[in-house]
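See below for the structure under consideration.
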Amino acid sequence: MTYDFRKIEEKWQKYWAENQTFNAENDSQKEKFYVLDMFPYPSGAGLHVGHPLGYIASDIYARYKRHKGFNVLHPMGYDSFGLPAEQYAIQTGQHPAITTEANIKRYREQLDKIGFSFDWSREVRTSDPGYYKWTQWIFIQLFNSWYNKDADRAEDITSLISLFENEGNGTVNAVCDEEVELFTADEWKAFSPKKQQQLLLQYRLTYLAETEVNWCPALGTVLANDEIVNGVSERGGHPVVRKKMTQWSMRISAYSQRLLDDLSMVDWPQPLKDSQTNWIGRSEGASVTFYTSSLNGTGEAFPIEVFTTRPDTIFGVSFMVLAPEHELVSKITTPEQKAEVEAYIEATAKRSERDRLADVKTITGAFTGAHAIHPFSKEPIPIWIGDYVLAGYGTGAVMSVPCGDQRDYDFAKHFNIPIPNIFEGVDISEEAFADKEKTVITNSDFLNGLPYKKAVKRVIFELEKLGQGKGKINYRLRDAVFSRQRYWGEPFPVYYVDGMPQMIAAEHLPIVLPEVEKYLPTETGEPPLGNATVWAWDVQKAEVVPNSAIDNKNVFPLELNTMPGWAGSSYYFNRYMDPKNTEEVFSQEAINYWQDVDLYIGGSEHATGHLLYSRFWQKFLFDKGLVPKPEFAKKLINQGMITGTSAFVYRIEGENTLVSKNLIGDKSVQPLHVDVALVNPSDELDLDGFKENPLYADFKDAQFILEDGGYVVGREVEKMSKSKYNVVSPDSICEEYGADSLRLYEMFLGPLEQSKPWNTAGISGVHSFLKKMWRLYHNGPDGVFAVSGTVPTADNLKTLHKTIKKVAEDIENFSFNTSVATFMICVNELAAQKCNSREVLEPLAILVSPYAPHIAEELWAKLGHRTSISTAPFPKFEAKYLIESSKEYPISFNGKMRFKMELPVDITKEEIEAAVMAHAKTQEQLQGRTPKKVIVVPGKIVNIVG
RNA sequence: GCUCGAGUGGUGGAAUUGGUAGACACGUUGGACUUAAAAUCCAAUGGCCAUUAUGGCCGUGCGGGUUCAAGUCCCGCCUCGAGUACCA
């Protein structure tokens with residue numbers, strides 16, 4: 001009987017679906033194990049072989065854990081809100097929900113063919129109202145919360161209100177907007193309700209504020225910092241400009257320190273932790289307030305707050321620099337300097353973000369004419385503006401210490417500003433000196449002779465005494481803009497009364513995305529939801545009603561923005577625990593049983609987006625007592641990218657002639673991508689297919705210069721992408737070799753975390769392994785299924801048990817590539833031993849089952865089992881079968897292995913040495929010399945020196 | 001620039017705490033079976049030199065070092081990849 005993988009795989013995929021084999025139980029007595037994949041955005045292009053890599057790895061792990069007796073949660077769903085479906089809708093008028101549905105259907109077909117053990121009964125889709133009801137609900141919880149720094153956790157907004165009522169906000173230690181006015185309890189009570197709402201908004205964990213945002217005109221929306229790469233949009237590469245807009249923001253900065261600290265709790269890849277650490281960007285230093293001199297300018301003394309990591313160098317300050325956008329600039333600039341400053345501001349405003357990034361070498365700036373007073377020396381310090389100071393970081397102003405900071409140094413040199421030296425024994429004639437460890441301060445009054453750390457302490461003490469500064473920790477992490485001017489996203493559960501946002505009560509959720517005629521912004525520049533005609537909130541009826549009913553008494557306008565892509569993905573891992581719950585986001589029973597994700601597999605590109613936002617929401621839900629763990633995923637693995645192997649044909653420059661790769665010689669040729677589907681494993685082009693393909697119509701009549709009757713293409717490893725015609729789909733591999741072969745081969749390619757090239761040719765190795773394994777169970781006449789009850793030999797058991805040991809270790813270490821090699825060795829050995837004993841072949845089927853589940857189920861059934869192999873106990877490793885009576889020792893001379901020698905394992909070092917020295921080959925190697933030393937490592941090696 | 005990761009045959013890769021470098025595959029070559037092909041099986045396959053079997057020398061990006069012994073540890077470089085970028 002031949003290995004008919006098509007029939008077998010179809011049969012078992014149907015069986016698993018019908019029997020719901022992989023549905024997880026929420027009320028199990030078994031120990032839980034939660035294996036999660038990052039859910040995909042269902043794009044129109046479908047899956048290529050690179051996508052399932054992580055899914056296969058997690059599936060192997062999930063199946064392994066089932067064999068180990070765990071109740072495994074292994075769900076899958078779709079991050080189904082997003083730009084491509086909307087762009088498609090703009091172009092074609094097709095509703096994004098329809099496109100999305102079709103794409104999901106295709107994804108599901110492709111996924112099903114690979115034989116994953118997903119619990120599909122728990123599928124979630126972020127664009128499903130039943131799901132985004134809870135996204136909206138969490139948004140409301142954030143709105144109704146503030147961050148209490150004293151308790152270091154989020155609290156209900158009502159506790160803040162009662163603080164205001166009792167003490168005003170003077171004593172409140174909260175994370176809030178930069179500038180909040182101070183008020184007493186009595187003042188608070190006297191404020192109008194609107195004023196109170198405005199003030200509360202400055203404390204809420206999600207808040208509406210006019211912020212500088214990254215506006216992308218081409219996409220017609222704002223972007224978060226992590227959605228911008230090199231100054232252009234991540235999607236599409238469009239320019240991004242700074243713009244002030246009223247937007248919802250998330251006060252993620254409240255969690256900066258905890259997001260940093262709790263990285264030590266999770267087993268995540270170090271590079272990922274590093275990039276989160278960098279992104280959060282904690283720096284310790286001091287905030288110092290300088291006052292402008294009232295002797296010049298308007299005569300008013302304005303405070304300028306700066307942040308510095310080197311307060312110890314305060315006596316080295318010889319100028320200050322403000323960002324061109326800094327609000328003080330217009331107030332302090334002297335009449336004489338006004339023209340120059342304004343010209344500079346105009347010039348920098350014109351430069352795009354990209355230009356600024358591309359050109360960091362050029363030093364520019366302008367003098368304001370104003371001076372600040374040094375807090376200690378009382379000397380006047382000139383105030384400049386320059387675009388090397390960023391408005392968005394710190395306070396947008398710096399105290400410049402040219403002797404201790406290279407940028408300040410370069411700026412000072414360029415504008416001929418003095419560079420006072422405050423470091424003992426350091427030459428600063430060529431460059432600044434920034435080494436904290438070697439710092440000894442001089443020329444600095446009370447700091448003279450102090451090293452860095454002591455000087456910092458002292459100066460902060462003195463600043464506090466003056467009331468002009470204090471120690472401060474600064475974070476680079478900004479609050480996250482949460483509004484998008486898009487259609488295909490979660491609507492906010494928000495309506496506006498007198499311009500103030502109001503939350504819709506939770507019992508009326510979800511607020512369902514309205515229908516619109518057009519998916520573009522309105523003519524007045526409002527977001528696409530501005531096109532909706534039924535998009536107003538009736539507070540009496542508690543429902544969405546036509547806009548015509550808006551009277552601002554009972555019927556109010558609804559929010560027109562939608563939520564960003566990361567909203568729905570920031571808690572989906574918790575929702576999977578109880579996905580059908582209509583009363584709660586998840587029940588406490590479910591979350592207390594499943595707790596958190598034990599293993600999360602996905603791409604490293606989500607390091608500072610999804611993975612940071614998810615940790616933020618998790619901590620918020622933790623503070624609210626809704627989840628038991630402050631971190632949602634214990635272990636995380638980044639799977640590497642599978643690159644494509646592009647194929648090229650070569651056209652001779654200026655001719656319609658294509659020349660085979662090895663005949664190019666010194667001809668001048670132009671390489672052209674050719675679809676890899678037209679190339680066979682020997683790199684030969686399918687000439688007929690090529691000529692018939694409409695893509696290559698230009699070459700229909702081309703001349704071909706062939707070698708040995710064929711056309712050999714060139715190959716190069718590139719990113720797998722449609723535009724490079726190097727995409728290989730899993731469907732075609734499943735069709736030709738089967739899902740089990742695909743699964744094995746994806747693992748066999750190399751370590752999970754590494755990026756590696758796909759080459760379909762290599763799949764024949766794992767495919768013939770499966771055939772070989774099949775034959776092991778079918779060695780009767782004409783290949784009929786035949787397994788004997790004979791007692792296995794010592795060799796059989798040795799092969800089996802070393803395989804059990806290695807495979808179990810490999811899975812625990814996520815070294816899936818080496819276990820495939822181990823299976824091959826095992827089957828090769830058993831075949832050589834002509835083993836067909838049930839006692840060996842039955843456990844072997846279980847070992848292979850996580851990797852190649854279809855063939856394993858089929859063999860398991862043939863072995864007489866009536867239930868799925870998926871919960872069969874993993875074979876137990878018995879060390880006794882591996883015990884050897886002798887060991888083949890490598891005998892080395894001066895570290896080089898010369899020959900091997902079989903010796904019993906239970907003899908002493910001395911006996912080994914004696915046996916080795918007595919060997920004829922030893923004497924031959926020594927050629928009469930007496931060894932200086934003989935190293936014997938029992939069980940390992942013998943090395944003879946001399 | 002900074003941070004992190006990686007360099008091993010023609011190719012993908014293996015090598016547990018320093019202990020037989022190149023497992024397992026792909027590819028290539030030769031052979032068996034076959035009228036033929038496919039499929040399958042067997043053998044060889046890091047480089048160089050030598051040969052009658054036996055052998056010898058070199059070899060894990062480069063240069064040093066530690067060690068009886070280094071792909072693995074230490075120091076200094078080179079190359080590639082990823083992230084980040086005037087962060088005060």
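Each chain gets a letter, A, B and so on, in the order the sequences are listed, and its residues count up from 1.
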- prompt: Once each nucleotide of nucleotides 68-73 of chain B is scored for protein heavy atoms under 4.0 Å, what B/S/- sequence comes out, 5' to 3'?
  reply: BS----
message: Within the 4.0 Å limit for protein heavy atoms, which parts of nucleotides 43-57 of chain B are touched? Write it as a string from 5' to 3', B for base, S for sugar-phosphate only, - for none.
response: ------------SSS
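- Considering only residues two or more places apart in sequence or on other chains, D267(A) meets the salt bridge (Lys or Arg N to Asp or Glu O under 4.0 Å) condition with K635(A).
- Nucleotides C24(B) and C73(B), compared at atom C1', are 28 Å apart to the nearest Å.
- Spacing of C1' atoms, G18(B) relative to A50(B), comes out at 34 Å, to the nearest Å.
- When every heavy atom of L390(A) is checked against every heavy atom of A323(A), the shortest pair comes out as C-CB, 4.0 Å.
- Separation of the C1' atoms belonging to G9(B) and U60(B) is 10 Å when rounded to the nearest angstrom.
- Between the P atoms of U17(B) and A6(B), the separation comes to 14 Å (whole Å).
- Ring pair F315(A)/H374(A): centre-to-centre distance below 6.0 Å.
- Pairing of A43(B), defined by two Watson-Crick or G-U wobble distances under 3.5 Å, is identified with U29(B).
- When each of Y409(A), W384(A), F319(A) is tested with F415(A) by the rule ring pair (Phe, Tyr, Trp, His ring centres under 6.0 Å), just one qualifies, namely W384(A).
- Pair check for U54(B) finds none; no Watson-Crick or G-U wobble contact set falls under 3.5 Å.
- Rounded to the nearest Å, the gap between the P atom of U3(B) and that of C87(B) is 14 Å.
- Contact annotation for K771(A): backbone-only contact, meaning every heavy-atom pair under 4.0 Å involves sugar-phosphate atoms and none involves a base.
- For Y851(A) and F823(A), the gap between ring centers is short of 6.0 Å.
- Between F816(A) and F814(A), the angle of the ring planes goes over 60°, which puts this pair in the perpendicular group of the 30/60° scheme.
- Using Watson-Crick or G-U wobble geometry with both donor-acceptor distances under 3.5 Å, U20(B) finds no partner in any strand shown.
- Taking the C1' atom of each, G55(B) and U40(B) are spaced 37 Å apart, rounded to whole Å.
- Contacts of residues 308-319 of chain A with RNA chain B (heavy atom under 4.0 Å): T308(A), T309(A).
- Under the Watson-Crick or G-U wobble criterion, with both distances below 3.5 Å, U72(B) is left unpaired in every strand shown.
- Here F433(A) pairs with F423(A) under the ring-ring contact (aromatic ring centres under 6.0 Å, His included) rule; sequence neighbours left out.
- Considering only residues two or more places apart in sequence or on other chains, D312(A) meets the salt bridge (Lys or Arg N to Asp or Glu O under 4.0 Å) condition with R310(A).
- Syn is the glycosidic conformation of G9(B), whose angle stays within 90° of 0.
- Using a 4.0 Å heavy-atom cutoff across all strands shown, K940(A) reaches at least one base atom of the nucleic acid.
- The six-membered or imidazole ring of W758(A) lies near that of Y745(A), with a centre-to-centre distance under 6.0 Å.
- Residues satisfying the ring-ring contact (aromatic ring centres under 6.0 Å, His included) criterion with F899(A), sequence neighbours excluded, are H919(A).
- Residue S275(A) places none of its side-chain N or O atoms closer than 4.0 Å to OP1 or OP2 of U3(B).
- Sorted by first and then second residue, the salt bridge (Lys or Arg N to Asp or Glu O under 4.0 Å) pairs involving residues 403-414 of chain A (not counting sequence neighbours) are D405(A)-R407(A).
- Searching all strands for a Watson-Crick or G-U wobble partner of U3(B) with both distances below 3.5 Å returns A82(B).
- Straight-line distance between the C1' atoms of C49(B) and A82(B): roughly 44 Å, to the nearest whole Å.
- Here R476(A) reaches the OP1 or OP2 of A85(B): one of its side-chain N or O atoms lies under 4.0 Å away.
- As rounded to the nearest Å, G61(B) and U67(B) have P atoms that lie 23 Å from one another.
- Of all heavy-atom pairs between P757(A) and T643(A), the closest is CA-OG1, 3.1 Å.
- Of the possible polar contacts, one joining the D479(A) side chain to the S253(A) backbone as a donor-acceptor pair under 3.5 Å is found.
- Within residues 800-814 of chain A, no residue places a heavy atom under 4.0 Å from RNA chain B.
- Contact annotation for R775(A): backbone-only contact, meaning every heavy-atom pair under 4.0 Å involves sugar-phosphate atoms and none involves a base.
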statement: Given protein heavy atoms under 4.0 Å, the one-letter contact record of nucleotides 23-32 of chain B, with B base, S sugar-phosphate only and - none, is simply BBSS------
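- Residue-level contact check: Q754(A) touches the backbone only, with heavy atoms under 4.0 Å from sugar-phosphate atoms and none from bases.
- In this structure, F290(A) has no ring-ring contact (aromatic ring centres under 6.0 Å, His included) partners at least two apart in sequence or on a different chain.
- Taking a pair to require two hydrogen-bonding distances under 3.5 Å in either a Watson-Crick or a G-U wobble arrangement, C77(B) pairs with G61(B).
- For E178(A), there are no side chain to side chain donor-acceptor pair (under 3.5 Å) partners two or more places apart in sequence or in a different chain.
- In terms of heavy atoms, A397(A) sits closest to E305(A) at CB-O, 3.8 Å.
- Judged by distance alone, with hydrogens and angles left aside, the side-chain atoms of H326(A) form no donor-acceptor pair with the main-chain N or O of L322(A) at under 3.5 Å.
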